[in-house]
Amino acid sequence: MRTQVGIIGAGPAGLMLAHLLHLRGISSVVLEIRSRDYIEHRLRAGVLEQGAVDLLVESGVGERLQREGMVHEGVNLQFAGERHRVPMTELTGRAITVYGQQEVVKDLVAARLSAGEPILFEVSDVRLHGLDVDEPVVAFRHEGRDVELRCDVVAGCDGFHGVSRSAVPEGVLTTYERTYPFAWLGILAAAPPATNELVYCHSERGFALVSMRTPELSRLYLQVPPDENVAAWPDDRIWAELQARLAMADGWRLTEGEVLEKGVTAMRSLVVEPMQWRRLFLAGDAVHIVPPTGAKGMNLALADVKVLGEALAAWYADGRDDLLASYSDTCLRRVWRAQHFSWWMTSMLHRFPGHDPYEVKLQLSQLRYVTTSPAYARSLAENYVGIP
Ligand code: FAS
Ligand code: PHB
């Protein structure tokens with residue numbers, strides 16, 4: 001097979017890049033190890049920054065997002081039994097939209113296939129060759145056949161556990177990493193959201209997050225030990241713990257309902273630099289990971305490929321290679337801003353094992369400051385809605 005851009009991975013990064021390239025008349029092939037059904041039902045992120053919404057709408061795949069997405073102009077921080085609203089839109093003029101990552105994936109897959117462009121699902125044994133020559137090759141198996149995809153460049157959009165990053169020779173990449181001494185247990189519940197905006201909650205028992213997917217579906221998270229087994233959390237224990245952590249003086253309670261899905265997500269911060277090597281360009285979780293506390297993961301993936309799409313368009317249209325050469329540096333400025341914000345939110349809101357009472361007092365002071373100082377609240381708001 002021959003194409004201009006070989007894209008590994010059909011997550012938000014790979015699918016959005018393929019779409020942006022198609023709009024510029026640049027051919028690509030998307031390779032995905034999972035089935036279409038699997039990637040369209042994989043429960044992950046839920047919050048789109050203003051910039052991500054604008055990208056989806058402006059590139060023509062935002063119609064259902066505009067119809068079904070829930071626009072939020074504020075976010076809530078809860079601590080010491082008090083709940084405080086940060087009026088994000090009042091402070092920044094921008095908003096977030098709650099719209100599940102799997103819905104973004106469905107919209108991008110539908111756009112790709114209706115344009116008659118290729119996504120090869122359930123590939124296996126993906127290997128990258130010749131990244132340092134003008135015609136790299138992606139070798140893989142598909143429908144029982146060995147295939148070679150010859151292309152001009154390869155986009156590694158295959159997530160943290162993908163193969164792209166490891167195709168870069170030893171000694172080229174530097175990894176910056178932090179793991180946290182806790183994880184998140186997340187549930188999807190058939191329960192109308194008990195609040196109309198998200199609530200990030202610091203409590204003596206640990207962090208809790210109230211989010212949602214639709215007016216009928218709640219998405220809720222609990223801080224748990226890092227190696228927690230989801231089997232240790234039957235539904236009634238989850239609800240009891242959520243109610244305890246989110247309890248307020250006025251007796252407010254979560255609306256409970258059938259737990260449709262539950263899972264444990266590890267918490268880690270990671271950046272690999274540079275995000276490119278010769279004809280390989282890495283994007284999204286393939287090259288950076290953030291703890292979900294800042295709701296940045298999917299948004300960073302989309303921001304990366306917006307830059308990469310524009311750089312490839314300039315290279316093909318005008319032979320310009322300056323934007324491609326600066327791809328990594330351009331993305332890393334936003335990546336490190338999101339890394340810091342995600343680390344800051346995680347450090348402020350979670351109970352760290354071994355935290356002495358002084359640390360907890362510092363957390364509470366910071367929470368009170370960010371919910372009473374317009375200057376500090378604006379800093380949280382502009383990071384949460386996304387830096388333009
Ligand atoms: P993705 O991981 O989404 O996509 C990579 C794709 O490549 C996958 O479809 C994978 O199947 C495929 N692939 C892997 N290896 C391959 C290979 N060798 N060949 C071909 N294809 C291959 N972010 C938030 O903001 N909020 C959250 O609540 C949140 N929850 C998360 C929960 C979990 C369990 C995980 C793993 C991540 C979560 N994230 C969350 C982060 C997540 O949303 C990512 O940031 C987002 O999926 C990044 O998109 P991509 O970079 O496209 O990577
Ligand atoms: C979600 O709705 O899945 C969600 C929202 C905010 C976060 C993380 C996850 O910070």
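First listed ligand is number 1; within each ligand, the first listed atom is number 1.
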Problem - Backbone N/O of Ile289 and side chain of Arg268: donor-acceptor pair under 3.5 Å - result: no
Problem - atom 8 (C) of ligand 2: nearest protein contact (heavy atom, Å) - result: Pro292 O, 3.3 Å
Handout entry: Sub-4.0 Å heavy-atom contact, Leu209 with ligand 2
Key = yes
Fill in the blank from the handout: One finds that the ligand 2 atoms under 4.0 Å from a non-hydrogen atom of Arg44 are 3 (O)
Handout entry: Non-hydrogen side-chain atoms of Gln339 and Lys296 separated by less than 4.5 Å
Key = no
Exercise for the section: Step through the shown structure and confirm whether more than 12 heavy atoms of other residues, nucleotides or ligands are within 6.0 Å of CZ on Arg42. Expected result: yes
Problem - Cluster check Val305, Ile39: I/L/V/M/F/W/Y, side chain < 4.5 angstrom - result: yes
Handout entry: ligand 1: protein residues within heavy-atom distance under 4.0 Å
Key = Ile8, Gly9, Ala10, Gly11, Pro12, Ala13, Leu31, Glu32, Ile33, Arg34, Ile39, Arg42, Arg44, Ala45, Gln101, Val126, Cys157, Asp158, Gly159, Gly162, Val163, Tyr221, Thr265, Gly284, Asp285, Pro292, Ala295, Lys296, Gly297, Met298, Ala301
Practice task
Show which atoms of ligand 2 fall inside a sub-4.0 Å distance from at least one heavy-atom site of Ala295.
Solution key: 6 (C), 7 (C), 10 (O)
Exercise for the section: Can you figure out which of Tyr99, Tyr221, Tyr200 has its heavy atom closest to atom 6 (C) of ligand 2? Expected result: Tyr200
Problem - Whether over 12 other heavy atoms sit under 6.0 Å from Arg378 CZ - result: no
Problem - Close side-chain approach of Ser59 and Met16, heavy atoms under 4.5 Å - result: yes
Handout entry: Check: Trp184 N/O within less than 3.5 Å of ligand 2 N/O
Key = no
Completion exercise
Only residue of Val370, Thr293, Leu349 satisfying side-chain contact (heavy atoms from CB on, under 4.5 Å) with Trp344 is Val370
Handout entry: Protein contact of atom 2 (O) of ligand 2 - nearest heavy atom, named by residue and atom, plus distance
Key = Ser211 OG, 2.6 Å
Handout entry: Close approach of Arg213 to ligand 2, heavy atoms, under 4.0 angstrom
Key = yes
Exercise for the section: May I ask you to list the atoms of ligand 2 that are less than 4.0 angstrom from any heavy atom of Val47? Expected result: 5 (C), 6 (C)
Problem - Pairwise ring pair (Phe, Tyr, Trp, His ring centres under 6.0 Å) hits with a residue in residues 194-247, at least two apart - result: Trp184-Phe207, Trp184-Tyr221, Tyr200-Tyr384, Phe207-His350
Practice task
Look at atom CZ of Arg145 and say whether more than 12 heavy atoms of other residues, nucleotides or ligands are closer to it than 6.0 Å.
Solution key: no
Exercise for the section: Output the list of atoms in ligand 2 that are nearer than 4.0 Å to some heavy atom of Leu198, sorted by atom number. Expected result: 5 (C), 6 (C)
Practice task
Measure the shortest side-chain to side-chain distance between Phe79 and Met348 over non-hydrogen atoms and say whether it is less than 4.5 angstrom.
Solution key: no
Problem - More than 12 heavy atoms from other groups under 6.0 Å of CD on Glu177 - result: yes
Problem - Under 3.5 Å: N/O of Tyr384 near N/O of ligand 2 - result: no
